[in-house]
Protein chains: 2
Amino acid sequence: MVSERRGQTAGVKAVAAAAGVSLGTVSNVLNRPEMVSPVTRAKVEAAMTQLGFVRNESARQLRAGSSRILAYLMLDAGNPFFTDVAKGVEEAARAAGLSVFLCNSNEDASREADYLDLLEQQRVQGVLITPIDQHSSRLRNLPARGTPVVVVDRAIDDDQHCSVAVNDVLGGELAIAHLLELGHERIAYVGGPETIGQVTDRRAGGWAALRKAGRPASDLIEINTGALTVAEGRGAGQRLAGLPAARRPTAAFCANDLLALGLLQQCVTLGIRVSEDLAIVGYDDIEFAAAAAVPLTSVRQPRQLLGRTAAELLLDESANPDHEHQRVIFTPELVVRTSTSGAG
Amino acid sequence: MVSERRGQTAGVKAVAAAAGVSLGTVSNVLNRPEMVSPVTRAKVEAAMTQLGFVRNESARQLRAGSSRILAYLMLDAGNPFFTDVAKGVEEAARAAGLSVFLCNSNEDASREADYLDLLEQQRVQGVLITPIDQHSSRLRNLPARGTPVVVVDRAIDDDQHCSVAVNDVLGGELAIAHLLELGHERIAYVGGPETIGQVTDRRAGGWAALRKAGRPASDLIEINTGALTVAEGRGAGQRLAGLPAARRPTAAFCANDLLALGLLQQCVTLGIRVSEDLAIVGYDDIEFAAAAAVPLTSVRQPRQLLGRTAAELLLDESANPDHEHQRVIFTPELVVRTSTSGAG
DNA sequence: ATCATCACTTGAAACCTTTCATAACCATCA
DNA sequence: TGATGGTTATGAAAGGTTTCAAGTGATGAT
């Protein structure tokens, strides 16, 4: 009984010796099994299982120069919207025989930067990213150095990479137009920080809707949050409740559903009636929006499709020599529920 | 103007040439900067940025033999419970200067197996996993071959690895005991599939509570689901509603909050009053539980702590030569809300 | 018999870093 | 002056795989 020290892994060399063949043949069994005679292949495979051979991917990648991994650098893994996008990515990647590593920047620019460096060093096949800072030089440099990038949920007119997005300005417009139609005259826009493109686009859409309706700018009040989370949504609720009744909005449009759910929850806690006292519109239409204390009106985006399309563009970029960068833009859709339409 | 072909990256050799130093010196700047004189270091660093040098991690890892990456193979990335666990993992890893890759098995055993193979081939520093099948041979083999493993959210009496868990049997007991105390005499246990340990443990706890209360086995009805998702929860709601009134349970304990939220949502849709007609208890106490249509009674687990502890055990295992495998078990806590306690 | 063909196999080179023993250099001290 | 020690730089070897040109036999055709 030979006791193997931990970490002692047999390599192709050992397998070759055990099977009585050459190194190259073992490699062929691994990479081009059809070129190896059935009997030899069987011998090699037997040796592999017997020795517990595990291919060293670092060495493989170093020599072969290609990675079988795709990374999706998410803005917030705790937001079900992005995990749905990730599902779409995984689906497309799996269909192409690749694996996906998920990375979570968690709305932190330095973590995003660290991950980008790491992924570049890993020489992954490509990076999908929903960026915090879409103008970061690191992000722009990646493609030129050989790592394809696709920006997800952000439209970018950069000729370095593809992007797949949903028209956030239109989404914001839909939301505010809906609230204006319902007769609201003092509306809050809840969102932040400014660095996140989604936040500013959706807000811009809101302003556009206001302008189109011929309403004064004073009808839209901006409430800034530090992040797009449930906790920040609750905080925004506190702030809204603290306003003197005369200046308190009768409706709120939140930059995403997490904020909206937090706000909604705070309203329930404080006894503010959602819809009657404060109408709320969210954004993303995550699965939990429909199950909320008061079902949430929200702007729906094609979540999985977003991820799938992005992954497909990335795959095309690395496979197709005359790939052309594209900007795909989907259209959002307003889903009206009780949080704005009352007892429904 | 030299046009570089895509993917053409400068290596240490090129940097050394450009800086007029030897290869080894460049490596020293990278790995032991304190051993190289400030002036030389400056020269090398200048050359690096000028050439856009990006260290090839495959080569580094091949030679150095160590990875700076930790993987967390999640049961369901779409479940906020696991993303909270992941946050804990990231926190601990970051404190130790490591990065985390998230992988999503999505309750699919073959995806879990693929990821385990991949991670082993990548020679990651260690694998954290919430397994679908905790008895898989693949899982048991990893540690012996040099990849440390920590099982998260499952207690395993295997001497191959550490595990960090919450006492799910106790959690199930708390839930059912609570419902029994409220006077319910026909209770449904909603969960599945059987292969998932959490499902069977929580159910076992439920049966234990029933026994302790001296109630007949007929008081607990099992409703099987195909996965632990909101959609399956809605399906369970349909099935419950379809039962003849005489056999329909007055309370339901769900194996996790996603199921509970789906069930709850279906009840609202069907006009079944939650708490009055059907009391519901969930499990995990995810952030959305409190914000649900009817705030959800749930069994709370220390989510981030779970992840942090697991990561710390893993780090100890790879750093500390006389590491001993441990089984850490936390205690769950029942959080009572309106879904069981009525208008509250 | 000879030669071309075919189906496999082989072994050395290459991929890019890190490591480590050795060398070079300089300053200090006896 | 020569020896000593300390600091910094060097260059060859090593790590595990893939690749590819070249080799080996066997088969079939001439």
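Below, chains carry the letters A, B, ... as their sequence lines are ordered, and counting in each starts from 1.
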Give the rounded distance in Å between these two atoms: CD of B/Glu120 and C1' of D/dG16.
15 Å
Atom-pair distance (CZ on B/Arg41; P on D/dT7), nearest Å
15 Å
Any base atoms under 4.0 Å from B/Ser37, or only sugar-phosphate, or nothing? Heavy atoms, all strands.
sugar-phosphate
Using only heavy-atom distances, determine whether the side chains of A/Ser137 and A/Asn141 contain a donor-acceptor pair under 3.5 Å.
no
Name the closest nucleotide to the A/Arg55 side chain, picking from C/dG11, C/dC16, D/dT17.
D/dT17
Reckon B/Ser58 touches a base, only the sugar-phosphate, or nothing at all at heavy-atom distances under 4.0 Å?
nothing
Would you call B/Glu57-B/Arg60 a salt bridge at under 4.0 Å N-O?
yes
Verify the contact: side-chain N or O of B/Arg32 to OP1 or OP2 of C/dT19, cut-off strictly under 4.0 Å; return yes or no.
yes
Atom pair distance, as rounded to whole Å: NZ in A/Lys43 and P in C/dT9:
8 Å
Is B/Val21 touching bases, backbone alone, or none of the nucleic acid, heavy atoms closer than 4.0 Å?
sugar-phosphate
Residue-phosphate contact under 4.0 Å: B/Thr40 side-chain N/O, D/dA9 OP1/OP2
yes
What is the distance from CG of B/Asn28 to P of D/dT8, rounded to the nearest Å?
11 Å
Along DNA chain D (nearest heavy atom to each residue), the more 5'-positioned of B/Val36 and A/Ala59
B/Val36
When the nearest nucleotide of DNA chain D is assigned to A/Ser27 and to B/Arg60 on a heavy-atom basis, which residue is associated with the more 5' position?
B/Arg60
Polar pair under 3.5 Å, donor/acceptor by atom type, side chain A/Arg63, base D/dT18
yes
Given C/dT9, is OP1 or OP2 found less than 4.0 Å from the side-chain N or O atoms of A/Ser22?
no
Which part of the nucleic acid, if any, lies within reach of B/Gly11 when heavy atoms closer than 4.0 Å are counted: base, sugar-phosphate only, or nothing?
sugar-phosphate
Could you give the CD-to-P distance, from B/Gln61 to D/dG16, as a whole number of Å?
12 Å
With heavy atoms under 4.0 Å as the rule, sort A/Asn31 into base, sugar-phosphate or nothing.
sugar-phosphate
Measure the distance from NZ on A/Lys13 to P on C/dT10 and round it to the nearest whole Å.
16 Å
Distance in angstrom units between B/Leu62 CG and C/dA14 C1', rounded
13 Å
Please check this pair: side chain of A/Ser105 against backbone of A/Met74, looking for a donor-acceptor N/O pair closer than 3.5 Å.
yes
Starting from C1' on D/dG16, measure out to CG on B/Asn56 and report it in whole angstrom.
14 Å
A/Asn31, A/Val21, A/Thr25 screened by side-chain contact (heavy atoms from CB on, under 4.5 Å) with A/Val36, the one that passes:
A/Thr25
Applying salt bridge (Lys or Arg N to Asp or Glu O under 4.0 Å) as the test, list every pair that has at least one member in residues 112-125 of chain A; sequence neighbours left out.
A/Asp114-B/Arg94, A/Asp117-A/Arg138, A/Glu120-A/Arg145
Could you check which of D/dT10, C/dT17, D/dT19 has an atom nearest any side-chain atom of B/Leu23?
C/dT17
Hey, mind stepping through A/Asp153 and A/Gln198 against side-chain hydrogen bond (donor to acceptor under 3.5 Å, both in side chains) and telling me if it holds?
CA-CA 8 Å; A/Asp153 198 36; A/Gln198 285 85 339; 2.8 Å; yes
